[in-house]
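This report refers to the structure that appears directly beneath it.
Note that ligands are numbered from 1 as they come in the structure, with each ligand's atoms numbered from 1 the same way. Hydrogens, waters and symmetry mates play no part in the numbers below; they use all other heavy atoms, side chains included. Each residue takes its place number in the sequence, starting with 1. Please read all numbers here as calculations on a predicted model, not as lab measurements.
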Amino acid sequence: MIKPIKLSHNNFLSSLDLTTEESLHILELAKKFKNKELDIKYKDKVLGLVFDKSSTRTKVSLEVAMSRLGGYTVDLNPKTSQIGRGEPIKDTARVLSGYCDLIAIRTFNHTDLEEYAKWSTKPVINALTDLEHPCQALADFLTIKEEFNDFKNVVLAFIGDGNNVANSLLLCGALLGVEVRIACPKGYEPDKLLLKKARSICTNENLLKITNDPSEAASGSNVLYTDVWSSMGEENKKEEKDKAFKGFTIDRNLVSQANDDAIILHCLPAYRDKEITDEMIQSKKSRIFQQAENRLHSQQALLSCLLS
Ligand code: CP
Ligand code: NVA
């Protein structure tokens, strides 16, 4: 029977903190948790949640996942804790390590997350930074696996901003051997260093493509994925980005260029009629709400391994 395994890294800050085997193992565990074929308890274990940015899916799914594992969460709202007053991360991290068994952080700078991990004696989970959203990528590839059974010959086309979600898709896709194409306007490409890392893992250089042409990426793809054009913290760039991203909307026309079996994903929350039309969110090809549900199962699997 499949069981949670101890992971090679203590923290989950990046998709690359998992090996290919560990990523696949977590997806298998997630499937078992989803089908209620696995009942493992980590009684009274505590996950601390430090969210500097808003969240619906990540926060609630982590809370429910911990509760299903027999533990619970403590919400360390930065506004009402001393974090908001500017208490140094190195102090907060050491204090929280004394109370919690795991800590999930959602913040702006990835270096702040790394600072938490440096000082925490308990595993730290990236619940989204400006650089990466690795928990999201696990749910995304679980959804893709449910649809296509395995990752062989799957082509994922991400149409939009080369942001945190795109970065994690690139890295996790490289680990799993999925062809990932990113179509973004010039100047909005994914992080250069992460691209380099993803390329170094890919067994074949054709598995990773960056283009400025949405049609080129969508053509013959099996998964069409998008995310908001302006992420949290980029509110002042909205006007400029809305202009730059004209033509990058997932709409009926773009979807018709993908394979007949293509599915549509979005990490949510979405801005309808900007990065995706309401019609495509509601369409038969959309797996967006299954994908959102999978946040729970994939994180339950991840937490179970980090607690092992
Ligand atoms: N997709 C995602 O992370 O959603 P939340 O911002 O609601 O957590
Ligand atoms: N790229 C988005 C993802 C939200 C889940 C953001 O960072 O705001």
I want to check a possible cation-pi pair here: K53 against F108, using under 6.0 Å from ring centre and within 45° of the ring axis as the test.
yes
State if D161 counts as touching ligand 2 under the rule of any non-hydrogen atom under 4.0 Å.
no
Just wondering, are more than 12 heavy atoms of other shown residues or ligands nearer than 6.0 Å to [atom1] in [X]?
X    : atom1 : answer
D260 : CG    : no
K32  : NZ    : no
K31  : NZ    : no

Any nitrogen or oxygen of C267, side chain or backbone, less than 3.5 Å from one on ligand 1?
yes
Please identify which atoms of ligand 2 are closer than 4.0 Å to at least one heavy atom of [X].
X    : value
N164 : 1 (N), 2 (C), 6 (C), 7 (O)
L268 : 5 (C)
D227 : 1 (N), 2 (C), 3 (C)

Taking heavy atoms and a distance under 4.0 Å, where does L268 meet ligand 1: side chain, backbone, both or neither?
backbone
Got the closest protein heavy atom to [atom], with its distance?
atom                   : result
atom 2 (C) of ligand 1 : R295 NH1, 3.4 Å
atom 6 (O) of ligand 1 : R106 NH1, 2.8 Å
atom 4 (O) of ligand 1 : R57 NE, 2.9 Å
atom 7 (O) of ligand 1 : T56 N, 2.7 Å

State whether the side chain of [X] and the backbone N or O of [Y] hold a donor-acceptor pair below 3.5 Å, judged by distance alone.
X    : Y    : result
K6   : S308 : no
D251 : T277 : no
R94  : K90  : yes

Check whether any N or O atom of [X], backbone or side chain, sits under 3.5 Å from an N or O atom of ligand 2, and answer yes or no.
X    : result
R106 : no
L128 : no
K53  : no
H133 : no

Does some side-chain heavy atom of F33 sit less than 4.5 Å from a side-chain heavy atom of S304?
yes
Candidates Q136, E132, H133 - the one meeting side-chain hydrogen bond (donor to acceptor under 3.5 Å, both in side chains) with S168
E132
Atoms of ligand 1 close to H133 [distance to a heavy atom under 4.0 angstrom, numbered from 1]
2 (C), 3 (O)
